[in-house]
Engineer: 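My structure is below; once you've seen it, I'll send some questions.
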Amino acid sequence: MKIDVLTLFPEMFDGVFGHSILKKAAENEAVEYNVVNFRDYADNKHKTVDDYPYGGGAGMVLKPQPIFDAVDDLRAHGEKAPRVILLCPQGERYTQRKAEELAELDHLIFVCGHYEGYDERIREHVVSDEISIGDFVLTGGELGAMVVIDSVVRLLPGVLGNEESHMKDSFSTGFLEHPHYTRPAEFRGIKVPDVLMSGNHRLIEEWRAKESLRRTYLRRPDLLEEADLTKDQKKWLEEIKKEGK
C-alpha cells in the first residue's frame, strides 16, 4: 500500500511513522509513506494556502489551488487511482468496518486541513471519502489521519506477528473483545478466572465468547441492536441480563 499525507505540518508524522508497528510495516515493505507539505504547491509568491471566506465570518479557509495541484501530482505518480480522504468533523464516523474497507486498497491520499475549513470545491471535486474520528473538533486533521492510518496499516497482510490478532479485535467481530489476563495467577489477592488455567480449550473459548457478549451488553448495547446472535449467544445474553451485572 502507498499512503500519501498532505499536511502543513509534516514533522508531526515523524514520530508516528518512525516507531512501533507502523515503522515495522514500512521496513517490511507492506506500506510506503510519503508526507507532503502542500504549501509547496501554492502558486503565489508568499506561499499562502488560506484566505478570508466569501461572505465574511470568523477564521480562514484553505484555498483550492494548492490541494488540487498536490493531489493531481500524486495521482500522476501513482500506479492506480487513489482514494482521497478528507479528515473533517462533517465526515462519516470512522469504524472498524471502514478500516477493513480501506485496508483492501492500494493507494490512499489523506488531506489534513487547518484553519476554519476547506473551500467546498475541494470536497466536491477532489475528495472521495470524508472521515470523522468522533463527534468533537481538533485543531487540524493530522491527529485524525494518524488514527486512521494506524488502524488500516495494522490490518495489512504480514504486519502483525499473529495473522489472527486483528480478527478478534473489538468491533472486528461485531462485539467488544473479551477480558485478558497474564501471569501471575494471583496478584494482590485478585485471581485469574479458573477456566483460563483449566487447559480445556472448548470451555475457554466459550468463556471468552460469553464475556465478549457481556462486555458489549454492558458498555456498548447499541452494537447488539443489529447483531445476528447465535442460539448460544441468545441464551448467554438472557443469563447476563438476569445476573444484572
Side-chain angles (χ1 to χ4, degrees), residues 1 15-31 92-104 131-136 143-245:
M1 175 181 283
V16 176
F17 291 161
H19 292 86
S20 189
I21 294 296
L22 295 187
K23 178 183 179 182
K24 292 179 180 178
E27 290 175 344
N28 295 335
E29 299 183 349
V31 63
E92 67 173 290
R93 193 159 186 180
Y94 193 56
T95 63
Q96 184 67 18
R97 182 173 297 178
K98 186 70 172 182
E100 292 167 355
E101 173 192 332
L102 296 177
E104 296 293 326
I131 288 177
S132 168
I133 62 168
D135 296 340
F136 50 87
L143 294 176
M146 294 173 193
V147 168
V148 176
I149 292 169
D150 184 279
S151 67
V152 169
V153 169
R154 67 188 301 277
L155 298 178
L156 299 179
V159 170
L160 295 180
N162 186 336
E163 286 298 316
E164 294 184 0
S165 293
H166 69 79
M167 297 179 185
K168 295 184 179 180
D169 285 341
S170 294
F171 306 111
S172 290
T173 62
F175 306 102
L176 299 185
E177 194 171 10
H178 58 78
H180 293 275
Y181 295 88
T182 188
R183 287 180 278 187
E186 183 175 342
F187 178 71
R188 295 190 178 183
I190 308 167
K191 295 182 178 180
V192 172
D194 291 336
V195 64
L196 296 180
M197 297 182 290
S198 68
N200 188 321
H201 296 293
R202 183 186 64 80
L203 291 180
I204 290 172
E205 287 305 310
E206 183 177 296
W207 180 88
R208 286 174 171 171
K210 186 174 181 179
E211 292 306 306
S212 173
L213 187 64
R214 183 194 307 277
R215 182 157 287 186
T216 304
Y217 170 70
L218 294 176
R219 301 185 182 188
R220 288 293 305 275
D222 56 295
L223 295 176
L224 298 177
E225 293 176 2
E226 298 182 1
D228 186 16
L229 301 180
T230 66
K231 183 178 179 180
D232 284 340
Q233 287 172 327
K234 290 177 181 178
K235 181 187 72 173
W236 296 335
L237 185 57
E238 288 305 313
E239 293 174 358
I240 291 168
K241 290 179 178 179
K242 289 178 182 178
E243 291 169 5
K245 60 179 181 178

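From a predicted model like this one, the values you see are computed outputs, not experimental measurements.
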Engineer: Can a salt bridge be assigned to the pair E101 and K98 using a cut-off of 4.0 Å between side-chain N and carboxylate O?
Structural biologist: yes
Engineer: What's the shortest heavy-atom distance between A103 and L156, and which atoms?
Structural biologist: O-CD2, 3.5 Å
Engineer: Run I21 and L160 through side-chain contact (heavy atoms from CB on, under 4.5 Å) and show every step you take.
Structural biologist: CA-CA 8 Å; I21 294 296; L160 295 180; 4.3 Å; yes
Engineer: Quick one: CG on L196 to NE2 on H180, what's the gap to the nearest 0.5 Å?
Structural biologist: 10.5 Å
Engineer: Would you mind reporting whether L213 and L224 have side-chain heavy atoms less than 4.5 Å apart?
Structural biologist: yes
Engineer: Measuring from atom CZ of F17 to atom CG of D150, what distance do you get when rounded to the nearest 0.5 angstrom?
Structural biologist: 9.5 Å
Engineer: If every non-hydrogen atom of A25 is compared with every non-hydrogen atom of V159, which pair is closest and at what distance?
Structural biologist: CB-CG2, 3.9 Å
Engineer: List the atom of K210, the atom of I240, and the distance in Å for their closest heavy-atom pair.
Structural biologist: O-CD1, 3.9 Å
Engineer: Hey, does the side chain of S132 reach the backbone of E92 with a donor-acceptor pair shorter than 3.5 angstrom?
Structural biologist: no
Engineer: Roughly how far, to the nearest 0.5 Å, is the OG atom of S151 from the CD1 atom of I149?
Structural biologist: 9.0 Å
Engineer: Find out whether V16 and L22 are in side-chain contact, i.e. whether some heavy atom of one side chain is under 4.5 Å from a heavy atom of the other.
Structural biologist: yes
Engineer: Hey, does V148 have a side-chain heavy atom less than 4.5 Å from the side chain of I133?
Structural biologist: yes
Engineer: Could you give me the CA-CA distance, side-chain angles and deciding distance for L102 and I131, then say whether side-chain contact (heavy atoms from CB on, under 4.5 Å) is met?
Structural biologist: CA-CA 12 Å; L102 296 177; I131 288 177; 4.2 Å; yes
Engineer: Within this structure, what is the CG-CD distance for the pair N200 and E205, rounded to the nearest 0.5 Å?
Structural biologist: 10.5 Å
Engineer: Can you find a pair of side-chain heavy atoms, one from Q96 and one from L155, that are under 4.5 Å apart?
Structural biologist: yes
Engineer: Tell me, please, which residues at least two apart from R93 pass salt bridge (Lys or Arg N to Asp or Glu O under 4.0 Å).
Structural biologist: D135
Engineer: Identify whether the distance between the nearest side-chain nitrogen and carboxylate oxygen of R208 and E211 falls below 4.0 Å.
Structural biologist: no
Engineer: Got a second to check how far I190's CD1 is from Y181's OH, nearest 0.5 Å?
Structural biologist: 9.0 Å
Engineer: Is there a side-chain contact between W236 and L229, using heavy atoms and a 4.5 Å cut-off?
Structural biologist: no
Engineer: Do L237 and Q233 come close enough that some side-chain heavy atom pair is under 4.5 Å?
Structural biologist: no
Engineer: Going through the checks in order, is the salt bridge (Lys or Arg N to Asp or Glu O under 4.0 Å) test met by E206 and R202?
Structural biologist: CA-CA 6 Å; E206 183 177 296; R202 183 186 64 80; 3.7 Å; yes
Engineer: Around atom CG of D194, are there more than 12 heavy atoms from other residues, nucleotides or ligands closer than 6.0 Å?
Structural biologist: no
